[in-house]
Amino acid sequence: MNLDNVFKKTKQLMGKNSASISSMKPEVPKGLLRKCRKCGAAILTEDVRKAHYVCPKCGEYFRIHAYRRIEMTADEGTFEEWDRGLVTKNPLDYDGYEEKINEIKEKTRLDEAIVTGKARIHGTEVVLGACDGRFLMASMGSVVGEKIARAFERATKERLPVVLFACSGGARMQEGIVSLMQMAKTAASIRRHSDAGLLYISVLTDPTTGGVTASFAMLGDIILAEPNALIGFAGPRVIEQTIGQKLPKGFQRSEFLLEHGFLDAIVTRGSMKDTLSRLLHLHGCTDSCLSDHAPSADTPDSAQNFCEASHCLSAWERVQISRAKTRPTGMDYIERLFDGFVELHGDRCFSDDKSIVGGIAFFHKIPVTVIAQAKGRSTKENIERNFGMPSPEGYRKALRLMKEAEKFGRPVICFVDTPGAFCGLEAEERGQGSAIAVNLYEMSGLAVPVVSVVIGEGGSGGALAMAVADEVWMLQNSVYSILSPEGFASILWKDSKKAAEAAEVMKLTAGDLKNLGIVEYVFAEPKLYTPDSMDFVLNPLDKKLQIFLQQYGNMEKEALLEHRYRRFRSM
């Protein structure tokens with residue numbers, strides 16, 4: 001029951017005296033109600049609590065205290081607080097600073113603007129920290145930096161993942177240059193934690209700005225954010241004053257950052273604990289599991305089970321089949337081969353290219369990183385995914401996920417299906433050639449097993465940038481070539497209409513490439529290959545992947561890298 005209903009009921013009970021009551025201000029017990037800062041609604045505090053501190057009227061997120069955040073995230077009774085009682089100093093002898101700190105301490109019952117400690121999230125032990133905006137807008141002074149550094153150092157020593165909920169107005173002005181140095185200090189402690197192969201999940205809440213954004217908040221292996229949170233380096237007011245322009249709606253909000261490649265995902269408050277648990281679980285198993293679920297090596301060789309009706313197809317006909325709109329897309333393989341897929345977004349530089357989809361999943365209980373070049377089904381989806389033609393940020397996103405896989409010892413499985421890398425003015429401005437080159441360079445030295453499967457078109461360097469692998473497999477009617485037959489004919493014969501003839505000359509079919517030693521394996525396809533007939537391919541592909549993970553997962557790093565080097569060196 002809200003305040004309006006309480007007042008209405010009171011008037012009814014008072015009967016004749018209701019007129020005089022109408023001018024009275026009802027007395028509401030302190031703490032009974034919360035007022036939404038966006039819509040102005042007065043809501044029962046208990047209703048706000050049940051809704052995870054989200055306004056049930058308009059969906060606005062209430063800012064919550066550090067201990068409340070920990071209560072919502074940690075398993076009951078498991079949080080053990082660390083480093084209480086550190087004394088905030090006044091390095092600049094700033095007038096009134098110590099009195100202000102003592103006043104806030106008394107009011108909030110906090111020692112400083114962050115609470116850190118150890119807890120469990122659905123049974124998984126983590127180091128957990130949460131900023132509290134009531135303490136000088138959670139600005140980062142020397143004690144905040146010290147507590148974060150100590151939390152990461154202890155997490156490194158105890159080999160624990162770290163989950164930090166950030167909110168802040170930035171560096172603490174009253175501590176000047178000492179506050180600025182906390183940015184470097186926290187970054188250095190995170191680097192040591194990362195070098196130890198440990199996971200850091202950063203969760204950005206409203207607001208996260210200034211020196212906190214430019215340090216520990218944006219250094220997570222996984223970066224999540226709550227909806228509509230303000231996130232940025234310079235605040236909106238500062239930017240508007242500097243450039244003399246009004247900022248667009250939604251600028252520096254979570255959704256803006258996701259679109260521009262700086263977040264892995266936006267997660268609602270009600271699902272945050274489950275999402276964190278899922279991510280922790282996906283990062284909790286390394287290559288020690290790789291040999292537990294593999295089948296015997298006598299899996300039927302589907303390469304020898306080609307559909308008889310397809311033997312007579314020409315190279316050009318196979319090109320047309322590889323481009324068919326009804327053909328399964330990369331997302332179809334992800335959805336049907338893997339369990340618990342969590343998509344991760346963005347290149348951390350410019351954008352989230354939707355032509356490449358990537359994330360973490362389980363394959364027969366083995367954590368893997370899966371990356372797919374993804375075309376769409378409808379015209380609208382194809383436009384959204386740029387018809388499967390990645391931009392530089394797509395390749396950078398793929399590489400970011402591969403490097404994260406390397407850190408945590410996860411095999412990488414790539415699905416290749418692209419007409420080629422996007423060729424356009426903006427792609428060249430943002431370094432398309434460089435992005436592809438860096439992928440080739442980094443993938444050649446990636447210290448985890450990598451397999452790439454060409455499921456449709458394998459167009460030029462745009463395909464190769466996801467196919468520097470220990471083994472490359474193809475589907476029977478997929479193609480893989482230096483460029484499209486139309487482009488080949490246009491360059492060499494000055495006539496793109498000779499594409500069918502070019503396809504025969506280019507040796508781009510799976511059978512041709514198997515004979516040339518470019519690919520190791522070819523999977524047969526049904527006569528009409530659609531999402532409804534995928535089991536024909538998925539069953540042998542599943543078995544082959546299990547064998548691959550067993551074989552390459554047991555290799556020493558040096559042997560793995562030498563094998564990959566020799567594979568391409570021999571071509």
Test item: V127 and V163 side chains (from C-beta on) under 4.5 Å apart, heavy atoms: no
Which residues share a side-chain contact (heavy atoms from CB on, under 4.5 Å) with K557, sequence neighbours left out: A447, L561
ring-ring contact (aromatic ring centres under 6.0 Å, His included) involving Y200 - partner list, sequence neighbours excluded: F152
Heavy-atom distance under 4.5 Å between the side chains of I413 and F338, does that happen here? yes
Atom of S254, atom of N228 and distance for their closest heavy-atom approach: OG-N, 3.6 Å
Please determine whether side chain to side chain contact (heavy atoms under 4.5 Å, CB included) holds for the pair V412 and V368, giving the CA-CA distance in whole Å, both sets of side-chain angles, and the decisive distance to 0.1 Å. CA-CA 6 Å; V412 176; V368 296; over 6 Å; no
Heavy-atom distance under 4.5 Å between the side chains of T209 and Q252, does that happen here? no
Just verifying a value: how many Å separate L33 CG and D47 CG, rounded to the nearest 0.5 Å? 9.5 Å
So, the side chain of S391 versus the backbone of E393: is there a donor-acceptor pair under 3.5 Å, distance only? no
Pair V162, I190 - check side chain to side chain contact (heavy atoms under 4.5 Å, CB included), show working. CA-CA 10 Å; V162 175; I190 291 168; over 6 Å; no
Between the side chains of E226 and R69, is the shortest nitrogen-to-carboxylate-oxygen separation below 4.0 Å, so that they form an ion pair? yes
Evaluate N554 against Q550 for side-chain hydrogen bond (donor to acceptor under 3.5 Å, both in side chains), listing each step before the verdict. CA-CA 6 Å; N554 289 329; Q550 181 186 41; over 6 Å; no
What do you reckon, is CZ of F251 surrounded by more than 12 foreign heavy atoms closer than 6.0 Å? yes
Quick check for you: to the nearest 0.5 Å, what is the distance between I223 atom CD1 and L257 atom CG? 9.0 Å
Between R154 and W82, is NZ or CZ placed under 6.0 angstrom from the six-membered ring centre and within 45° of the ring axis? yes
Taking only residues two or more places apart in sequence, or in another chain, which ones meet E103 in a salt bridge (Lys or Arg N to Asp or Glu O under 4.0 Å)? none
Please assess Y53 against R68 for the test side-chain hydrogen bond (donor to acceptor under 3.5 Å, both in side chains), listing each intermediate value before the final yes or no. CA-CA 10 Å; Y53 295 86; R68 183 73 66 207; 2.9 Å; yes
Do the side chains of D264 and K397 get close enough for a salt bridge, i.e. N-O under 4.0 angstrom? no
I'd like a table of donor-acceptor pairs (distance under 3.5 Å, sequence neighbours excluded) in which one partner is a side-chain atom from residues 229-238, with atom names and distances.
none

To the nearest 0.5 Å, tell me how far M183 CE sits from S215 OG. 5.0 Å
Sidechain-backbone polar pair: T208 side chain, A166 backbone, donor-acceptor under 3.5 Å: yes
Which heavy atom of Q373 sits nearest to which heavy atom of D417, and what is that distance? OE1-N, 3.0 Å
Testing the basics here: between M137 and P207, what is the closest heavy-atom pair and its distance to 0.1 Å? CE-CD, 3.4 Å
Report the distance from atom CG of D352 to atom CG of L344, rounding to the nearest 0.5 Å. 10.0 Å
Check the surroundings of atom NZ in K407: do more than 12 heavy atoms from other residues, nucleotides or ligands lie under 6.0 Å from it? yes
Does some side-chain heavy atom of T329 sit less than 4.5 Å from a side-chain heavy atom of R377? yes
Which heavy atom of G220 sits nearest to which heavy atom of R348, and what is that distance? O-NH2, 3.3 Å
Are side-chain N/O atoms of E112 and T88 paired as donor and acceptor at under 3.5 Å? yes
Can you tell whether the side chains of E381 and K375 come within less than 4.0 Å, N to carboxylate O? no
Decide yes or no for V450 and V468: does some side-chain heavy atom of the first lie under 4.5 Å from some side-chain heavy atom of the second? no
Side-chain H-bond candidate by donor/acceptor type, R172 with S139, under 3.5 Å: yes
May I ask you to decide if R120's main-chain N or O and T124's side chain share a donor-acceptor pair within less than 3.5 Å? no
Residue pair I222, L224: steps toward the side chain to side chain contact (heavy atoms under 4.5 Å, CB included) verdict: CA-CA 7 Å; I222 308 290; L224 309 177; 3.8 Å; yes
Between the side chain of H260 and the main-chain N/O of F256, is any donor-acceptor distance below 3.5 Å? yes
Distance-minimising heavy-atom pair for N90 and E98: ND2-OE2, 3.4 Å
Salt bridge between R150 and E146, side-chain N to carboxylate O under 4.0 Å? yes
Over 60° means perpendicular and under 30° means parallel, so classify the ring planes of W473 and F548, tilted if in between. perpendicular
Is a side-chain donor-acceptor pair under 3.5 Å present for D274 with H122? yes
Quick one: are F79 and V115 in side-chain contact, heavy atoms under 4.5 Å? yes
Run the side-chain hydrogen bond (donor to acceptor under 3.5 Å, both in side chains) check on Q182 and K185 step by step: do they pass? CA-CA 5 Å; Q182 305 311 307; K185 182 166 83 176; 2.9 Å; yes
Shortest non-hydrogen contact from G340 toward L282: O-CD1, 4.0 Å
Donor-acceptor under 3.5 Å (T186 side chain, I148 main chain): no
Does R564 reach the main-chain N or O of L446 with its side chain, forming a donor-acceptor pair under 3.5 Å? yes
About how many Å separate OG1 of T369 and CZ of R410, when rounded to the nearest 0.5 Å? 3.5 Å
Please report the C-alpha distance between S355 and D353 in whole Å, then the side-chain angles of each, then the deciding distance to 0.1 Å, and finally whether the side-chain hydrogen bond (donor to acceptor under 3.5 Å, both in side chains) criterion is met. CA-CA 5 Å; S355 67; D353 185 347; 2.7 Å; yes
Sort and list the pairs that fulfil salt bridge (Lys or Arg N to Asp or Glu O under 4.0 Å) and have at least one residue in residues 194-219, not counting sequence neighbours. R37-D206, R63-D206, R191-D195, D206-R253
Could you measure the distance from the NE2 atom of H364 to the CG atom of L545? Nearest 0.5 Å is fine. 8.5 Å
Side-chain touch M466/F415, heavy atoms, less than 4.5 angstrom: no
Checking H52, R49, K273 against M72 for side chain to side chain contact (heavy atoms under 4.5 Å, CB included), the one that qualifies is H52
Just wondering, more than 12 heavy atoms not from K50 lying within 6.0 Å of its NZ? no
Please list all pairs passing the salt bridge (Lys or Arg N to Asp or Glu O under 4.0 Å) test where one or both residues lie in residues 126-139, with sequence neighbours left out. D132-R134
